[in-house]
K.L.:
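One structure, pasted below without further comment.
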Amino acid sequence: MSTALQIHASGIKLPVSLIPSTTKQISRASKRVGRIRCSATTPNKKYTIAVLPGDGIGTEVTPVAVEALRLAGSLEGIDFEFKEMLVGGAAYEATGVPFPEETLKAPITVFPQLLEASSLKRSVTEEVDFMIIRELAGGLYYGKPRGFGINEKGEETGFCTEIYSSSEVDRVARIAFDMAMERRGKVCSVDKATILESSRLWRKRVTIMSEEYPEVDLSHMLVDTSGMELIRYPKQFDVLLTTNVFGDILSDVSAMITGGIGMLPSACIGGPGPQLFEPVHGSAPDIEGEDVANPLAAVLTAVMLLRYGLKEEAVAKRIENAIFDTLNEGFRTRDISTPGAKIVGCKKMGEEILKSLYVRVPSYQLN
């Protein structure tokens, strides 16, 4: 795990903590537009967000998301308090315990400016916008029995068990159907019911759950077919619902639709406790400290936190628009580079997003 934003919604009780400000970026932006801009918005909401930079490039991309949240929130009358905490390898080294994970959802949205960054044809990737709801606490990765043994021929064997209970399937299926209700009303459940008993239970429980959501169009697709369809015609999908192992594979396949894994946010939701929002990419220790990481997945994770965690659509849209503006200006990190692009590092990309956030503030010309 590389980095995450953990949310504790707290109404209007908590003050904003002090984080390095964006004064320099704002100063440059105001000089560029040649006018005085002001925000007269009085903060009326306050939230506490636990920031978990984690390992590797997490310490580079997370501050970009934090500053985008801070600035966009202030422009919409919202204060955020950020509390940095340990997670992943850093947490294990310090405490002996990494942070637990639950349910993962990874949305796949293709920015039109990055169509050329995908290895697929423009006609395939245009207007793609779907979410993968992946069960992350059970299935093949956690099933028992598992281990090593010796077969009747004296050969070494390795075995593991794919197992799901009705409650596990119901939990993640409800998340998928609820998400579809907020989107285009389509759920495609991915399994391997032709062979696996666990998938047959999965399909049965998802079908039963669909009866509670008559407005949602449910379809079922075998995992091998879904992999093909994600590459052939990804815009057909709205919400994909699938198991732990299948979701692990399909989310990485889907990353190539967007141009790379550096563009994918995700969230761990469901069950008791706070929600966890994190980029899909790992800690990438091979590029740590080189200022070449793509911070957009982290910033888009902040958008997901705002949209699905806090239900603060205005702030989410403000940050999304800043990303669009920055990409329209031609700025790219090297992993999503396109012909004629301005290749920049993590810090510079963050500065440009903050600059765009500020420039979009309603302006008042003082005579």
Side-chain angles (χ1 to χ4, degrees), residues 3-53 61-85 107 109 182-183 265 267 269 274-278 295-328 349-366:
T3 175
L5 299 171
Q6 186 180 8
I7 175 176
H8 300 265
S10 57
I12 58 174
K13 298 179 181 178
L14 296 173
V16 175
S17 64
L18 296 178
I19 298 288
S21 69
T22 58
T23 304
K24 293 181 180 179
Q25 288 87 348
I26 291 176
S27 176
R28 286 197 294 269
S30 62
K31 290 179 181 178
R32 179 161 63 90
V33 298
R35 60 182 64 173
I36 297 176
R37 298 176 180 271
C38 61
S39 174
T41 303
T42 301
N44 52 26
K45 294 183 182 178
K46 295 182 181 180
Y47 297 102
T48 296
I49 298 176
V51 181
L52 314 175
V61 299
T62 304
V64 178
V66 167
E67 291 303 322
L69 273 171
R70 181 189 306 284
L71 180 54
S74 70
L75 298 174
E76 293 290 338
I78 297 175
D79 281 349
F80 292 110
E81 178 182 4
F82 299 97
K83 294 183 177 180
E84 187 168 315
M85 302 173 68
T109 303
E182 298 181 24
R183 293 171 53 86
I269 63 175
Q275 300 172 10
L276 180 70
F277 296 80
E278 59 183 336
L296 292 182
V299 180
L300 289 168
T301 295
V303 171
M304 177 178 278
L305 180 154
L306 291 164
R307 176 165 290 141
Y308 299 109
L310 297 178
K311 309 299 182 183
E312 296 289 354
E313 178 61 25
V315 192
K317 197 65 179 176
R318 187 182 284 274
I319 296 178
E320 273 187 335
N321 288 337
I323 294 174
F324 271 93
D325 290 345
T326 302
L327 293 175
N328 280 335
M349 183 67 85
E351 290 173 1
E352 292 301 324
I353 292 172
L354 293 177
K355 191 181 297 183
S356 179
L357 276 170
Y358 184 76
V359 169
R360 277 182 171 267
V361 177
S363 59
Y364 304 88
Q365 186 72 48
L366 300 183

K.L.:
Once you round to the nearest 0.5 Å, how far does CG of L306 lie from CG of L69?
P.N.:
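Going from the CG atom of L306 to the CG atom of L69 covers 5.0 Å.
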K.L.:
Checking side-chain polar atoms at under 3.5 Å, does Y47 have a donor or acceptor matched by the opposite partner on E312?
P.N.:
yes
K.L.:
Yes or no on side-chain contact (heavy atoms from CB on, under 4.5 Å) for K83 and I49, after CA distance, side-chain angles and deciding distance?
P.N.:
CA-CA 6 Å; K83 294 183 177 180; I49 298 176; over 6 Å; no
K.L.:
I want to check something: taking the side chain as every heavy atom from C-beta on, are K317 and N321 in contact at a cut-off of under 4.5 Å?
P.N.:
yes
K.L.:
Of all the heavy-atom pairs spanning L357 and A72, show the shortest one and how long it is.
P.N.:
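The pair with the smallest heavy-atom distance is CD2-CB, 3.9 Å.
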K.L.:
Rounded to the nearest 0.5 Å, how far does CZ of R318 lie from OG of S356?
P.N.:
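Interatomic distance, S356 OG to R318 CZ, rounded to 0.5 Å: 10.0 Å.
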K.L.:
Provide the closest heavy-atom pair for V315 versus G73 in the form atom of the first, atom of the second, distance.
P.N.:
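It is CG1-N, 3.7 Å.
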K.L.:
Rounded at 0.5 Å granularity, tell me how far CE in M304 sits from CG in L310.
P.N.:
13.0 Å
K.L.:
Write down the atom of V61, the atom of P295, and the distance for their closest heavy-atom approach.
P.N.:
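Shortest heavy-atom contact: CG1-CA, 3.7 Å.
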K.L.:
Do the charged groups of K46 and E81 touch, with an N to O distance under 4.0 Å?
P.N.:
no
K.L.:
Output yes when a side-chain donor or acceptor of S74 lies under 3.5 Å from a complementary backbone atom of L71, and no otherwise.
P.N.:
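Confirmed, S74 side chain pairs with L71 backbone.
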K.L.:
In sequence, state the C-alpha distance, the side-chain angles, and the governing distance for E76 and K45, and then conclude on side-chain contact (heavy atoms from CB on, under 4.5 Å).
P.N.:
CA-CA 10 Å; E76 293 290 338; K45 294 183 182 178; over 6 Å; no
K.L.:
Please report the closest heavy-atom contact between A65 and A298, naming both atoms and the distance.
P.N.:
CB-O, 3.4 Å
K.L.:
Step by step, work out the side-chain contact (heavy atoms from CB on, under 4.5 Å) result for K311 and E182.
P.N.:
CA-CA 11 Å; K311 309 299 182 183; E182 298 181 24; 3.3 Å; yes
K.L.:
Return the CD1 to CZ distance between I319 and R307, rounded to the nearest 0.5 Å.
P.N.:
10.0 Å
K.L.:
Keeping the roles fixed (side chain from T326, backbone from A322), state whether a donor-acceptor pair exists under 3.5 Å.
P.N.:
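Confirmed, T326 side chain pairs with A322 backbone.
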K.L.:
To the closest 0.5 Å, what do you measure between CZ (F80) and CG (L305)?
P.N.:
7.0 Å
K.L.:
When rounded to the nearest 0.5 angstrom, what is the spacing between CG in L327 and CG in L296?
P.N.:
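If we round to the nearest 0.5 Å, L327:CG and L296:CG are 6.0 Å apart.
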